[in-house]
Amino acid sequence: MLTLKFIQDNKADVIKRLKTKRFDAASIIDTIISLDDNRKQTQAQAETLEAEMNTLSKEIGLLFKAGKTDEVSASKAKTVELKERIKDLNTQLEDINRQLTAQLVLIPNVPHSTVPEGKGADDNVLVREGGVMPTLTNDLPHWDLIKKYDLIDFELGTKITGAGFPVYKGKGARLQRALINFFLDEANNAGYNEVLPPLLVNEESGFGTGQLPDKEGQMYHATADNLYLIPTAEVPVTNLYRDVILKGSELPVRNCAYSACFRREAGSWGADVRGLNRLHQFDKVEIVQVAHPDQSYAILDTMVAHVQSLIEKLELPWRILRLCGGDMSFTSALTFDFEVYSAAQKRWLEVSSVSNFETYQANRLKLRFKDDGDKKTQLAHTLNGSALALPRIVAAILENNQTAEGIRIPKVLVPYTGFDIIN
RNA sequence: GGAGGGAUGGGUGAGUGGCUGAAACCAGUAGUUUGCUAAACUGCCGUACGGGUGACUGUACCGGGGGUUCGAAUCCCCCUCCCUCCGCCA
């Protein structure tokens with residue numbers, strides 16, 4: 001969430017910039033500011049009385065020591081009323097603070113100045129593109145290729161779990177493992193530190209990265225233990241730094257992680273979700289950084305460059321889009337989406353989303369840093385990106401590389417798969 | 001799952017009702033000394049929210065939440081986590 005101070009200092013600007021995200025913040029901000037005034041006033045009152053109480057208690061202690069027990073009862077009587085008023089004020093304070101956070105979490109992150117206006121996907125702006133469009137003589141969509149070469153079994157997944165939980169088999173399973181290892185090796189080589197996080201997280205973690213409370217319905221919830229299956233490794237990996245104060249010299253922190261990802265995708269099933277296009281469980285390698293505010297946008301560029309290099313090595317046609325305000329996520333300040341062209345489906349598939357959240361997550365996480373010699377802590381910036389999500393990459397590899405002899409494996413993957421063709 | 005023991009500042013660890021936001025040591029940091037390094041010595045060294053231009057100052061926080069008391073790190077209750085033993089188990 002945004003910090004109160006930021007909202008107060010930049011009220012007009014916040015309202016203006018949130019219009020890019022098609023969000024009207026004016027009345028919420030007014031509520032917040034008046035709640036905060038109220039908070040300060042109530043807190044000041046409570047603290048004055050608490051100070052009085054502390055002095056009185058010390059006096060009583062001294063009276064006891066001096067043996068003046070007769071004077072004690074008069075002082076004690078005074079504390080009774082004080083205590084009541086303090087309790088009352090603190091109850092009010094708690095209530096005000098609750099209302100304040102309730103309002104604060106309703107406001108999305110403020111978009112970066114370079115975010116284009118727009119309603120949805122059609123208004124995203126092409127940043128650059130590359131790769132060679134394949135010319136296919138056969139053009140089976142990946143769901144047919146999967147059947148033809150017995151790589152992935154959706155029916156079997158439906159039997160043991162449900163729709164959207166595929167079973168990878170034989171060369172299909174090995175291709176999956178190859179991609180995971182390839183992506184992790186590339187991230188390690190680029191200086192990211194590998195972690196293997198838990199796949200279930202608690203409520204605090206869900207709140208820290210912004211999945212809770214807003215997107216509760218998107219996550220699988222293990223209610224008996226109140227744990228959530230992660231929709232992305234971003235959640236556990238970013239939460240590694242929840243309630244942490246880093247030294248300025250430790251920044252940037254660079255982590256990468258492979259994880260299975262679980263998404264309920266409630267209400268988003270319809271056309272265009274055949275095969276691997278949308279799943280409830282899929283594999284992904286994620287890169288996550290914690291950065292100094294002065295460096296975060298330069299770092300965002302290096303993350304974009306890293307993802308681009310992966311797709312180029314896989315020899316897929318790609319393009320990068322700068323998301324418009326209407327298509328961006330609630331928590332992001334600037335997002336670049338990567339898409340690869342799926343030649344048989346004849347459509348672009350999103351395979352990565354790289355974002356700078358600035359202090360939005362850090363504020364929820366209480367993720368701060370302190371520069372050497374500085375007295376004050378400040379909120380760090382968090383960033384993350386898929387590098388990469390597997391299913392649609394697999395779909396594009398299968399479709400784009402199909403030949404009469406079989407499916408050609410990109411050169412860079414052959415050392416990982418141990419085979420260069422699926423036939 | 002059963003029985004017992006624990007949780008204090010970056011670390012080790014004192015502290016069983018007021019003089020403790022918290023000893024001491026280590027680490028860190030600034031300085032003095034010193035041919036350099038090391039050592040020694042001295043100062044500083046938690047977080048958040050208020051008030052003040054500022055020096056400074058108020059309040060809260062000793063795993064989390066409640067309670068007792070004029071007053072709680074210290075006493076009581078609940079929860080979480082860690083350790084030991086037993087049971088179960090990939």
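Because the structure is a prediction, the values reported are computed rather than measured. So that the names make sense, note that chain A is the first sequence line, chain B the second, and so on, each numbered from 1.
B/C19 and B/A3 have their C1' atoms separated by 41 Å, with the value rounded to a whole Å. On the C1' atoms, B/U20 is 14 Å away from B/A24, given to the nearest whole Å. Taking atom C1' on both nucleotides, B/C82 is separated from B/G64 by 15 Å, rounded to a whole Å. Only the C1' atoms considered, B/U42 is 27 Å distant from B/U47, to the nearest whole Å. On the C1' atoms, B/U59 is 31 Å away from B/A27, given to the nearest whole Å. Taking atom C1' in both B/C89 and B/A7, one finds a spacing of 28 Å when rounded to whole Å. Distance check on atom P: B/G35 versus B/A30 gives 22 Å, rounded to whole Å. Rounded to whole Å, the P atom of B/G21 lies 12 Å from the corresponding atom of B/C62.
As a whole-Å value, the separation of A/I86 CD1 from B/G58 P is 16 Å. Atoms CG (A/L367) and C1' (B/U47) sit 15 Å apart, rounded to a whole Å. Distance A/Q45 CD to B/C49 C1': 16 Å, rounded to the nearest Å. Atom P of nucleotide B/G71 and atom NZ of A/K87 are separated by 12 Å, given to the nearest angstrom. Note: CZ (A/F369) to C1' (B/U47) measures 16 Å, nearest angstrom. The interatomic distance linking A/R368 (CZ) with B/A48 (C1') rounds to 8 Å, in whole Å. Rounded to whole Å, atom P of B/A48 lies 16 Å from atom NZ of A/K40. Distance A/Q43 CD to B/G51 P: 9 Å, rounded to the nearest Å.
Listed pair A/K83 / B/G71 meets the phosphate criterion, a side-chain N or O lying under 4.0 Å from OP1 or OP2. Taking 4.0 angstrom as the limit, A/K366 places none of its side-chain polar atoms (N or O) nearer than this to OP1 or OP2 of B/A48. Between A/T377 and the phosphate of B/A48, there is a side-chain N or O to OP1/OP2 separation shorter than 4.0 Å.
Shown here, B/G1 forms a base pair with B/C86; the pair counts as Watson-Crick or G-U wobble because both key distances fall under 3.5 Å. Base pairing analysis places B/G46 opposite B/C61; the two distances defining the Watson-Crick or G-U wobble pair are each below 3.5 Å. In this structure, B/C41 forms a base pair with B/G31, meeting either the Watson-Crick or the G-U wobble geometry with both donor-acceptor distances under 3.5 Å. Pair assignment for B/U53 gives none, since no Watson-Crick or G-U wobble pairing has each distance under 3.5 Å. With a cut-off of 3.5 Å on both pairing distances, the Watson-Crick or G-U wobble partner of B/C25 is B/G11. Base pairing analysis places B/U20 opposite nothing; no Watson-Crick or G-U wobble pair with both distances below 3.5 Å involves it. Nucleotide B/A73: unpaired (no Watson-Crick or G-U wobble partner with both distances less than 3.5 Å). The partner of B/C81 is B/G6, judged by Watson-Crick or G-U wobble contacts that both fall below 3.5 Å.
Note that A/K171 lies in the cation-pi zone of A/F419, set by a 6.0 Å cut-off to the ring centre and a 45° limit from the axis.
Between A/T55 and A/D36, the residue anchored nearer the 5' end of RNA chain B, judged by the nucleotide with its closest heavy atom, is A/D36. The residue among A/A51 and A/A44 whose nearest nucleotide of RNA chain B is located toward the 5' end is A/A44.
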Protein-nucleotides 60-66 of chain B N/O pairs closer than 3.5 Å?
none

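Applying the ring-ring contact (aromatic ring centres under 6.0 Å, His included) test between A/H306 and each of A/Y192, A/F338, A/F183, A/F336 identifies A/Y192 as the sole match. Of the candidates A/N109, A/T382, A/T238, A/T382 is the only one forming a side-chain hydrogen bond (donor to acceptor under 3.5 Å, both in side chains) with A/Q361.
Contact check on A/D30 versus A/K11 returns a salt bridge, with a Lys/Arg side-chain nitrogen under 4.0 Å from an Asp/Glu carboxylate oxygen. Classification of A/K40 and A/D37 as a salt-bridged pair fails, no side-chain N sitting under 4.0 Å from a carboxylate O. Taking 4.0 Å as the cut-off between side-chain N and carboxylate O, A/E265 and A/R278 count as a salt-bridged pair.
Classification of the A/Y220-A/H280 ring pair by plane angle, with boundaries at 30° and 60°, yields perpendicular.
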Determine, step by step, whether A/V105 and A/F207 satisfy the side-chain contact (heavy atoms from CB on, under 4.5 Å) criterion, reporting the C-alpha distance in whole Å, the side-chain angles of both residues, the deciding distance to 0.1 Å, and the verdict.
CA-CA 10 Å; A/V105 297; A/F207 178 81; 4.0 Å; yes
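At a threshold of 4.0 angstrom between heavy atoms, the contacts of A/S57 include nucleobase atoms, whether or not backbone atoms are also involved. Nucleic acid contact for A/I245: sugar-phosphate only, since backbone atoms but no base atoms lie under 4.0 Å from a heavy atom of the residue.
Applying the side chain to side chain donor-acceptor pair (under 3.5 Å) test to every pair with at least one member in residues 111-121 of chain A, sequence neighbours left out, gives these pairs: A/H112-A/T114, A/T114-A/R322.
In terms of the ring-ring contact (aromatic ring centres under 6.0 Å, His included) criterion, residue partners of A/F182 (sequence neighbours excluded) are, by chain and number, A/Y416.
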